[in-house]
Structure formats: structure tokens, C-alpha cells
Amino acid sequence: MRPRELGGLEELFQAYGIRYYTAAKLAELGFTVSTLLDMRDEELEEMMDSLCHIFRWDLLVGERYGIKAAVRAERRRLVSGDAQHGALDALSQEDRTAQQDKEAAGSGGAWDMVAAGGRKVSMKKNCKRRTSKMGSMEDDEDDDDSEGAEDDESGGGRERQREHPFIVTEVGEVARGKKNGLDYLFHLYELCREFLIQVQNIARERGEKCPTKVTNQVFRYAKAAGANHINKPKMRHYVHCYALHCLDEAGASNALRRAFKERRRNAGAWRQACYMPLVAIAARHGWDIDAVFNSHSRLSIWYVPTKLRQLCHAERSNATAASSSVTGGGGGGGGGGGDHLPY
């Protein structure tokens with residue numbers, strides 16, 4: 001099978017230690033680059049299991065991880081675009097090419113062998129753009145840690161540097177490696193509060209309208225002050241986690257952090273688990289989650305997340321429906337029994 005018949009798989013896999021014959025087998029089974037990019041992680045696992053057990057292919061352990069890493073890197077490249085590749089490719093192109101040649105030689109030259117007749121073919125290294133991204137590759141195990149695009153009002157021609165992903169840490173624990181702990185996440189909200197105070201002081205001096213909550217104006221001011229790691233998508237993403245930290249730090253917040261750390265769950269699962277304790281707090285205050293936020297000195301400057309308000313509304317409706325069914329059942333039991341509720 002010639003390289004041009006692999007449907008782009010050789011360019012996708014070549015920098016990740018996947019043998020040429022493995023890519024040829026995938027192409028023979030009908031897989032293309034577009035197919036692999038559209039597959040979920042579970043489907044990639046099923047495909048590799050089928051390759052090993054059904055088609056009896058000797059798939060190496062490193063090739064399993066290499067396939068998933070190559071797919072993740074290509075997805076990130078497609079999302080981020082090619083805006084920064086020009087500057088990165090201009091830096092030490094010869095060094096990166098030499099490094100790729102060295103890695104290819106260390107892998108036994110399997111990619112330089114074509115299956116038909118064993119004839120050697122000089123294959124070009126056409127994955128320079130992808131390897132330029134390898135320096136910033138991160139373990140994106142948390143699908144919710146992808147912080148989204150910068151808000152339209154941030155302006156500026158500079159691209160915000162992506163920050164390291166968060167991992168679940170206990171109170172006072174320092175994150176390992178290139179990760180950020182939850183204490184650091186909560187510290188960012190305190191920084192936003194300080195930036196809001198500075199914006200309010202400037203507005204008062206100029207006689208302008210003074211913001212009472214963390215708005216786009218505050219995020220723009222923070223960016224102008226050099227705090228590029230503070231951005232609207234990330235702070236909106238975890239604001240309910242910070243709310244639980246403020247309202248019940250010693251109880252539900254720390255207990256969740258400890259439990260998810262022991263079970264080695266990621267920050268995305270921890271973030272989802274922070275919703276229901278807040279719904280329970282809202283239930284004790286008449287389901288008025290806005291009043292809960294506004295009554296707290298540190299939470300009053302943040303908008304209530306839409307999903308949290310929707311969950312409170314849904315739970316309130318369920319509680320009302322359950323109460324009505326109990327009331328209706330008691331009234332139909334006979335006589336004046338409807339006046340004696342179990343509450």
C-alpha cells in the first residue's frame with residue numbers, strides 16, 4: 001500500500017510512534033482521518049479492541065496511547081486554527097526537522113518501508129505544524145476544563161495563553177506538575193473582587209456609573225493590568241463551585257473535594273457535583289437562589305449561573321408537585337383528613 005493510499009493517516013500518526021503497518025491496517029479497514037476525528041474516546045477504544053481481538057492485530061501499548069494523542073492533537077489544531085503556526089514554524093525549523101529525523105530513525109524506520117515488495121520509500125515529514133503544538137500538549141482529561149473562546153469584548157490582537165488545567169485537590173494541597181489546584185481557582189475569584197473594587201474606585205473618581213458586579217468591564221481591566229489568566233469563560237464556568245466554597249466551606253465543599261480526590265475523579269465531575277448542594281441550600285431559603293447570592297458579601301458581586309437557577313426551579317416544581325399529590329391523596333381518603341398533613 002503506497003503512502004498516498006493511506007488517506008492522510010501517515011501524516012496524522014507519524015509523530016506519535018505508530019508503525020506504518022498499523023496505519024496501513026486501519027486504512028485497509030476503511031478508517032480515515034475524518035472518521036477518527038469524529039469518533040468519541042469510547043469508540044476509539046472499541047476500534048482498537050476490535051483490531052486486537054477480532055482481526056488479531058498485534059497493537060502495541062504505545063500505539064494505543066499514540067492514536068488517542070494524535071486524534072486529540074489534531075482536534076486542538078483544527079479548533080485553534082493556524083494563526084500562530086507561522087510564528088512557531090519560523091523558530092528553529094531545522095532543529096525540529098532534525099529531531100523528527102532522529103525519532104524516525106530510533107523507531108526502526110518502519111515508516112520508511114512500504115509493504116509492497118519491501119521497497120524503501122523516502123517519506124516526507126509533513127507534520128511540522130502538528131509537532132509545533134506538541135510543546136503545549138496537555139492532559140485534557142477534563143472535558144469541562146476547555147474554557148471556551150475568549151469573550152468578544154476582550155479585544156486586542158494578542159492571543160491569550162492557555163492556562164494549565166485544574167485538578168481536584170484538598171485544602172492546602174499543592175497541585176502536581178503543570179496543573180492548578182482548587183485553592184488557586186478560588187484565589188482567582190478573590191482577585192476578581194479586588195479588580196472590581198479598583199474599577200469602582202476609578203468610576204467614582206470620574207463620576208461614571210459604578211458597576212456592582214463582575215462584568216465585562218472588570219475582565220477588560222484585569223487583562224489590561226496583565227492578568228491574562230483571568231477571563232470571563234473560566235470564571236463563569238466555576239462560579240457555582242466558588243459559591244459552595246463560600247456558603248459551606250467546612251461542610252459540603254471540603255467533603256466533596258476530599259471524596260473526589262480519593263476516588264481520583266477529574267475536575268469536570270467535581271464541578272457537576274457542586275450543583276446539588278447549592279440546590280439544597282436554596283431549598284432552605286425558599287428556593288430563592290438569587291437572595292442567597294445577594295446576601296453573601298463575596299457572592300453578591302457574581303451573577304447566578306443559568307443552570308443553577310434552572311435546577312432550583314425544577315426541584316421547586318418537583319417539590320410542589322409531590323406536596324400536591326400528598327395533599328390530594330389525604331383529602332380523598334375520607335372525611336376531613338385533608339386538613340392533617342404529614343408535615
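The analysis underlying the following values was restricted to heavy atoms, covering all of them including side chains, and did not include hydrogens, waters or symmetry mates. For the single chain, residues carry numbers from 1 onward in sequence order.
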Could you check if a side-chain atom of Leu60 sits within less than 4.5 angstrom of a side-chain atom of Arg19, using non-hydrogen atoms only? yes
With a 4.5 Å heavy-atom cut-off, do Arg309 and Asp290 have their side chains touching? yes
Is the distance between the ring centroids of Trp270 and Phe166 under 6.0 Å? no
Is any NZ, NE, NH1 or NH2 atom of the basic residue among Arg316 and Asp288 found under 4.0 Å from an Asp or Glu carboxylate oxygen of the other? no
Charged N to carboxylate O under 4.0 angstrom, Glu173 versus Arg257? no
When rounded to the nearest 0.5 Å, the distance separating CZ of Phe186 from CZ of Arg298 is 10.0 Å
Quick check: closest heavy atoms across Leu26 and Met47, and the distance to 0.1 Å? CD2-SD, 3.6 Å
Is the number of heavy atoms from other residues, nucleotides or ligands under 6.0 Å of Arg263 CZ greater than 12? yes
Calculate, to the nearest 0.5 Å, the distance between atoms NZ and CG belonging to Lys25 and Asp58 respectively. 12.5 Å
Note, Pro165 side chain near Lys179 side chain (heavy atom, < 4.5 Å): yes
Side chains of Trp302 and Arg236: does their closest heavy-atom pair fall under 4.5 Å? yes
Nearest heavy-atom pair of Ala175 and Ile167: which atoms, and what distance? CB-CD1, 4.0 Å
For atom NE2 of His296, decide whether the heavy atoms of other residues, nucleotides or ligands shown that lie under 6.0 angstrom number more than 12. yes
Shared hydrophobic cluster, Tyr21 / Tyr65 (ILVMFWY, side-chain heavy atoms < 4.5 Å): no
If I compare all heavy atoms of Tyr303 with all of Val214, which pair ends up nearest, and what's the gap? CE1-O, 4.0 Å
Main chain of Arg271, side chain of Tyr238: is a donor-acceptor contact present, judged purely on distance under 3.5 Å? no
Without swapping roles, check the side chain of Tyr221 against the backbone of Leu196 for a donor-acceptor pair under 3.5 Å. no
Which heavy atom of Val199 sits nearest to which heavy atom of Pro211, and what is that distance? CG1-CG, 3.8 Å
For residues Cys312 and Ile289, report the shortest heavy-atom separation together with the two atoms involved. SG-CB, 4.0 Å
Test side chain to side chain contact (heavy atoms under 4.5 Å, CB included), reference Val33, set Val71, Leu12, Asp38, output is Leu12
So do Lys234 and Leu188 actually touch side chain to side chain, heavy atoms under 4.5 Å? yes
Kindly compute the distance separating CG (Leu311) from OG1 (Thr306), expressed to the nearest 0.5 Å. 11.0 Å
Report the C-alpha separation of Leu308 and Val279 in whole Å, then their side-chain angles, then the decisive distance to 0.1 Å, and conclude whether the side-chain contact (heavy atoms from CB on, under 4.5 Å) test is met. CA-CA 7 Å; Leu308 177 59; Val279 175; 4.2 Å; yes
Quick check on the hydrophobic clustering: are Val304 and Met276 connected, directly or via other members, by side-chain heavy-atom contacts under 4.5 Å? yes
Going hydrophobic residue to hydrophobic residue with side-chain gaps under 4.5 angstrom, can you get from Leu182 over to Val174? no
Find out whether Glu63 and Phe13 are in side-chain contact, i.e. whether some heavy atom of one side chain is under 4.5 Å from a heavy atom of the other. no
Is there a continuous path of hydrophobic side-chain contacts, each under 4.5 Å between heavy atoms, that joins Met48 to Val61? no
Transitively linked via ILVMFWY side-chain contacts under 4.5 Å: Ile197 with Ile202? no
Counting distance only, does the side-chain N/O of Glu11 pair as donor-acceptor with the main-chain N or O of Gly8 below 3.5 Å? no
Do Lys223 and Ile230 have side chains that get closer than 4.5 Å, going by heavy atoms? no
Working to the nearest 0.5 Å, report the span between SG of Cys274 and CG of Leu244. 5.0 Å
Show the numbers, then the answer: is there a side-chain contact (heavy atoms from CB on, under 4.5 Å) between Leu185 and Tyr242? CA-CA 8 Å; Leu185 172 64; Tyr242 176 68; over 6 Å; no
Write down the atom of Asp183, the atom of Thr169, and the distance for their closest heavy-atom approach. N-OG1, 4.3 Å
What I'd like to find out is whether the side chain of Lys307 reaches to under 4.5 Å of the side chain of Gln272, using heavy atoms alone. yes
For a side-chain contact (heavy atoms from CB on, under 4.5 Å) check, start with the C-alpha distance between Arg77 and Glu74, then their side-chain angles and the critical distance, and finish with the verdict. CA-CA 5 Å; Arg77 188 188 68 81; Glu74 183 67 14; 2.7 Å; yes
Separation of Glu46 CD from Met39 CE (nearest 0.5 Å): 8.0 Å
Any chance you could measure Thr212, atom OG1, to Gln200, atom CD, to the nearest 0.5 Å? 7.5 Å
Using modelled atom types and a 3.5 Å cut-off, is there a donor and acceptor pairing between side-chain atoms of Thr35 and backbone atoms of Phe31? no
Determine, stepwise, if the pair Leu44 / Leu36 fulfils side-chain contact (heavy atoms from CB on, under 4.5 Å). CA-CA 8 Å; Leu44 288 174; Leu36 295 177; 4.1 Å; yes
